[in-house]
S.K.: 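Please read through the structure below; I'll follow up with questions.
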Amino acid sequence: MPVRTTSSAVDTQLFSREGRSVTADELTIPNGILVRTEKGNIGGMGCAPATADRPAVVKLGFSGGSGEERQEVLNEGGTFEFGGETWTVAQINFASGTSWNVVLRRLP
């Protein structure tokens, strides 16, 4: 499935897939969407709901301005570095088996 992209904006404004502005401190990444930010791109690559043996997990892809790319598998509460800032996976939401999103929050 091709990854769709969103538009980036100037300064601290970011835009969701629907074109609504969201704060730079919180991003909602839907499945299959690549979000462009000032620091690089974040994409939702895959997700699995919680089971009796493990919490829900999300696979995110990252690319920075200098061309480096990486992927991370994280659960709710997991943290990662992106663009010199620390972010956390605040929520993993499932609308159906194939439709999901993840809410990321920048930590102070």
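Keep in mind that what you see is a predicted model, and the values were worked out from it rather than measured.
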S.K.: Checking T88 side chain against A90 main chain: does a donor-acceptor pair fall under 3.5 Å?
M.R.: no
S.K.: Please list all pairs passing the salt bridge (charged side-chain N to carboxylate O under 4.0 Å, His left out) test where one or both residues lie in residues 80-103, with sequence neighbours left out.
M.R.: E85-R106
S.K.: Check step by step if side chain to side chain contact (heavy atoms under 4.5 Å, CB included) holds for L104 and I29.
M.R.: CA-CA 8 Å; L104 307 176; I29 313 288; 3.8 Å; yes
S.K.: Take V102 and C47 through the test side chain to side chain contact (heavy atoms under 4.5 Å, CB included) and record every step on the way to the result.
M.R.: CA-CA 9 Å; V102 60; C47 197; over 6 Å; no
S.K.: Applying side chain to side chain contact (heavy atoms under 4.5 Å, CB included) to I42 and W87, what does each step give before you reach the verdict?
M.R.: CA-CA 12 Å; I42 304 175; W87 290 76; 5.6 Å; no
S.K.: If every non-hydrogen atom of F94 is compared with every non-hydrogen atom of A56, which pair is closest and at what distance?
M.R.: CE1-CB, 4.2 Å
S.K.: Return the minimal non-hydrogen interatomic distance between E72 and T79, and the atom names on each side.
M.R.: OE1-O, 4.4 Å
S.K.: Take T98 and N31 through the side chain to side chain contact (heavy atoms under 4.5 Å, CB included) test and state the conclusion after the steps.
M.R.: CA-CA 8 Å; T98 59; N31 59 302; 5.5 Å; no
S.K.: How about T28 and N101: does a side-chain donor come under 3.5 Å of a side-chain acceptor?
M.R.: no
S.K.: Rounded to the nearest 0.5 Å, how far does CG of L60 lie from CG of L27?
M.R.: 10.5 Å
S.K.: For the CZ atom of R36 and the OG atom of S63, what is their distance to the nearest 0.5 Å?
M.R.: 9.0 Å
S.K.: Does one hydrophobic cluster hold both V57 and V89, with members joined at side-chain heavy-atom distances below 4.5 Å?
M.R.: no
S.K.: Which heavy-atom pair separates E76 from I92 by the least distance, and what is that distance?
M.R.: OE2-N, 2.7 Å
S.K.: Taking 4.0 angstrom as the limit, do E68 and R70 come out as a salt bridge?
M.R.: no
S.K.: Any side-chain heavy-atom pair from N93 and V103 closer than 4.5 angstrom?
M.R.: yes
S.K.: What residues, two or more places apart in sequence or in another chain, satisfy ring-ring contact (aromatic ring centres under 6.0 Å, His included) together with F62?
M.R.: F80, F82
S.K.: Which pair of non-hydrogen atoms, one from P49 and one from R54, has the smallest distance, and what is that distance?
M.R.: O-NH1, 2.9 Å
S.K.: Which atom pair, heavy atoms only, marks the closest approach of N75 to P55?
M.R.: ND2-CG, 3.4 Å
S.K.: If you look only at pairs with a residue in residues 86-95, which of them pass as a salt bridge (charged side-chain N to carboxylate O under 4.0 Å, His left out), with sequence neighbours excluded?
M.R.: none
